[in-house]
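Notes follow once the structure below has been shown.
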Amino acid sequence: MSDTKIPRYNCSTLLINVTTSTLTKAQKRWRLAYWTIYSFRAMLSVLPKGRLLSAEILTSHDYIALDVEPEPSSSHDEANKLVSNSIDPDMDGIRLAEMVKNKDSHTLSLLGGVEGVANALGTNPEYGINGNDEDVSRRSQLFGANTYHKPPPKGLLHFVLEAFKDTTILILLVCAALSLGFGIKEHGAEEGWYEGGSIFVAVFLVIVVSAFSNFRQARQFDKLSKISNNIKVEVVREARRLQISIFDLVVGDIVFLKIGDQIPADGLFLDGHSLQVDESSMTGESDHVEVDSTNNPFLFSGSKVADGYAQMLVVSVGMNTAWGEMMSSISSDSNERTPLQARLDKLTSTIGKVGLAVAFLVLVVLLARYFTGNTKDENGIKEYNGSNTDIDDVFNAVVSIVAAAVTIVVVAIPEGLPLAVTLTLAYSMKRMMTDQAMVRKLPACETMGSATVICTDKTGTLTLNQMKVTKFWLGQESIVQETYCKIASSIRDLFHQGVGLNTTGSVSKLKPGSSVAEFSGSPTEKAVLSWAVLEMGMEMDKVKQKYSILHVETFNSEKKRSGVLIRRKADNTTHIHWKGAAEIILAMCSHYYESNGVIKSMDGNGRSQMENIIHGMAASSLRCIAFAYKQVSEEETAYNNDVKARQRLKEEGLTLLGIVGIKDPCRPGVQKAVEACQSAGVEIKMITGDNVFTAKAIATECGILRLDQQVEKGEVVEGVEFRNYTDEERIQKVDKIRVMARSSPFDKLLMVQCLKKKGHVVAVTGDGTNDAPALKEADVGLSMGIQGTEVAKESSDIVILDDDFTSVATVLSPGDQLHSGCFCW
Ligand SMILES: Nc1ncnc2c1ncn2[C@@H]1O[C@H](COP(=O)(O)OP(=O)(O)OP(=O)(O)O)[C@@H](O)[C@H]1O
Ligand SMILES: [Ca+2]
């Protein structure tokens, strides 16, 4: 198409320079068309901007058809046309919002189902919205932006008043007033104000300092919550998958959801598989809700994806959603007291009460002594002598007795103590921010310095999470650069299916028309996809065209594998593909493929050879992923006897396609950080979902296992082993464990519980959904800010903003943290 077009300025010179008499009929038509558009555009350019926005004509198809600017590629052109659909002017944002809130299927079907709504919102299910500035601002003008109104932040005055409400402060103020009065009475205005005045100054100082520090802390929390609320979401706009801020999301956007994500707006299920949603933050219901296109396509913002993956069409945002309403009504409470603060508050009030009691006692005793005539003045004369005593003298004596009692109260109340902690906390939070740690829960500031054990996951915390396939075994043969070309095309085809259809990631072109592909998804998925495209010649679009997906079992950390049931459109045959942790997939196979396409049976010998291959790769710190395949008849897909009779894919008698080894390098500086922690007396344990040999190799690289020492029995265990111990055995053995491999989320939790039972102060670091239970249970949970899932972040106390284990070590290092800071005071 681009070849046949004439650049615009050429066109104009051509049309202007040619005289009418020399024009052919077609040229005359061109000229007429050109002038019509030219003058129309000139007219539009003088219109006010606001009216331009509503002028649908700008995006009409006629205009696009006549655009004679050269375009780089026809596929982009096609995408452009498909995503430039306009929004139906009758589409009512409020009605849409209400429809989702009420799960109103009737209205949805009246609107033509999810596709109907997508059409009306100008969204192409495959290419997303147009997404240019004009389109986005029009959408947010029509339907609102994805932000919610927050109550205005509290001013300094609020915190001053708050400080006045403290009972000890009130007592001190009363004492100051009394002291001032008595002082002036006794010593005159000149000299008598000293005592009372100085109490006033002290109280004033305490109020100002604590109000100011609370005010600053609230400001800091506001700032932090802005950072932590700014979640990145994956959308498709103009046929490209992009990461955008949750606040830039508009109605009509298509969002990709995967396990561990928080749903960023209200929407409808467009496409996806096995989607289970945790709506407990909205409804309080802890059971997961199944979401699909037929029975329940409604998705609520604020809920979390518990399983599966999906594409969601955004239909209402910000204040139109129930989540937005809820969030705007909650004011963030930064007044939470840490355990140490709470203890000190209690101590202060107890000391205060004791002081009051003692003062009262002193008051009573002194008064009794005075009034019973037991006190004498310098001359040995009784001070109180019944009715003979001058009333003025009695008053003076009582005043000095009360003043003595007041002094006791003032001296007894340690008002500065909690204030010291508040100030230290504020300082500690500020310092942590410079150490790339964002405090979500204040109490963690106190505990972190006293951690005795750190349980860390491997992938993404100790390693960079930048994965690349570096090894590939097909049967018993290691495939290297030169031998890729020898692989039979039937085997290549199977890999294309097994990778391209059994994935939550995607491949798209970096620029329209360019041959450079862009990969998205989890790091493992990205590594496998880029390997399949670059080394195995996979073309994602073609694979997707040839097959339809019938059923998906999504990856999760418990199963450690994912499977698909697909149908080849050409001959209606059905096939199963599995992909996952190598030894788990191997156990499901009875045969294996060779590179020439021949299937071999896997006898005992063959199996142990395969196991050796996996061990070999894992021992060189590679993460091993295996692929398996089987053609099945549709009846063969089993159903488990669940109430909902969910489909389950066949898991035995498969044929092994091949195994890839993925390199994920250690983070630089991890070894030093581990050493620093160990020399400070903090033990480090690695709990990972990965293979035991990979775990061991990485642990040795990081210094968790010592290279020069023999690994003792019980230092490295697998999740199942730990799970199957009795409670006593677990308690007995837990201290010795340094690496736990192939662990499920539950094993991670079990380990933390066990360590806590033994009296350890446990810190947990993690990034994945599988770490969430352990993060919540830990005394200090630290999650990763960049790669970490929302679920992990929400379960943690501190977010490490740069994802670096070195920052974890700095934050957790005992030393100049709060505890020692407090002791200084
Ligand atoms: N997308 C995927 N598809 C199939 N298998 C996968 C995928 N991602 C990981 N695996 C396999 O599952 C195993 C365990 O994954 P899991 O999520 O439990 O741990 P992890 O989060 O990767 O590791 P860690 O706990 O150290 O962070 C991996 O070793 C790998 O073999
Ligand atoms: Ca991880």
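Residue numbers start at 1 and run along the sequence shown. Atoms within each ligand, like the ligands themselves, are counted from 1 in listed order.
- Distance check for Thr461 against the Ca ion (ligand 2): none of its N/O/S atoms falls below 3.0 Å.
- Among all non-hydrogen protein atoms, the one lying nearest atom 1 (N) of ligand 1 is Glu525 OE2, 3.0 Å.
- Counting only N and O atoms by type, the side chains of Asp690 and Thr688 include no donor and acceptor under 3.5 Å apart.
- The CD1 atom of Ile576 lies 11.0 Å from the OG1 atom of Thr655; values are rounded to the nearest 0.5 Å.
- A salt bridge links Lys756 to Glu777: at least one charged side-chain nitrogen sits closer than 4.0 Å to a carboxylate oxygen.
- For the 3.5 Å distance criterion, the side chains of Glu558 and Ser744 fail to qualify, holding no donor opposite an acceptor.
- Annotation: atom 17 (O) of ligand 1 to nearest protein heavy atom, Ser557 OG, 2.9 Å.
- Between Asp747 and Arg723, at least one side-chain nitrogen of the basic residue sits less than 4.0 Å from a carboxylate oxygen of the acidic one, meeting the salt-bridge criterion.
- Between Tyr309 and the options Leu257, Ile259, Val552, Leu275, a side chain to side chain contact (heavy atoms under 4.5 Å, CB included) holds for only Val552.
- Side-chain contact of His760 with Asp735: a donor-acceptor pair under 3.5 Å is present, judged by distance alone.
- The shortest contact between atom 22 (O) of ligand 1 and any protein heavy atom is with Arg623 NH2, 2.6 Å.
- Remark: Thr769 OG1 to Asp261 CG distance equals 8.0 Å, nearest 0.5 Å.
- The atom name of the N/O/S atom in Asp457 closest to the Ca ion (ligand 2) is OD2.
- Considering only non-hydrogen protein atoms, atom 13 (C) of ligand 1 sits nearest to Arg742 NH1, 3.6 Å.
- Looking only at heavy atoms of the protein, atom 26 (O) of ligand 1 is closest to Thr688 OG1, 2.7 Å.
- In summary, Asp767 places an N/O/S atom under 3.0 Å from the Ca ion (ligand 2), meeting the contact criterion.
- For ligand 1, the atoms lying closer than 4.0 Å to a non-hydrogen atom of Asp690 are 29 (O).
- The residues Lys736 and Glu715 are annotated as not salt-bridged, no charged nitrogen and carboxylate oxygen being separated by less than 4.0 angstrom.
- Heavy-atom contacts of Gly580 reach the following atoms of ligand 1: 4 (C), 5 (N) (cutoff under 4.0 Å).
- Scanning the protein for heavy atoms near atom 18 (O) of ligand 1, the closest one is Lys560 NZ, 2.9 Å.
- Looking at Arg561 next to ligand 1, no N or O pair under 3.5 Å apart turns up.
- Aromatic ring pairs are classed by plane angle as parallel below 30°, tilted from 30° to 60° and perpendicular above 60°; the pair Phe472 and Phe495 is perpendicular.
- At under 3.5 Å, a nitrogen or oxygen of Lys458, whether backbone or side chain, sits near a nitrogen or oxygen of ligand 1.
- In this structure, atom 6 (C) of ligand 1 lies nearest to the protein heavy atom Phe555 CE1, 3.1 Å.
- Among the atoms of Thr459, some N or O lies under 3.5 angstrom from an N or O of ligand 1.
- Per-residue contacts place Ile625 under 4.0 angstrom from the following atoms of ligand 1 (heavy atoms of the residue considered): 5 (N), 6 (C), 10 (N), 11 (C), 30 (C), 31 (O).
- Within the listing of ligand 1, atoms 25 (O) sit less than 4.0 angstrom from a heavy atom of Lys748.
- At the shortest separation from atom 14 (C) of ligand 1 among protein heavy atoms lies Gly689 O, 3.3 Å.
- At least one heavy atom of Cys624 lies less than 4.0 angstrom from ligand 1.
- Taking the six-membered ring where the residue is Trp, Tyr629 and Tyr593 present tilted rings, their angle falling between 30° and 60°.
- For Gln466 and Asp664, the side-chain atoms include no donor-acceptor pair closer than 3.5 Å.
- Checked against a 3.5 angstrom limit, the closest N/O atoms of Asp771 and ligand 1 fall outside it.
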Yes or no on side-chain contact (heavy atoms from CB on, under 4.5 Å) for Thr504 and Glu525, after CA distance, side-chain angles and deciding distance?
CA-CA 7 Å; Thr504 49; Glu525 297 279 9; 3.4 Å; yes
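- Residue Asn691 has no N or O atom closer than 3.5 Å to an N or O atom of ligand 1.
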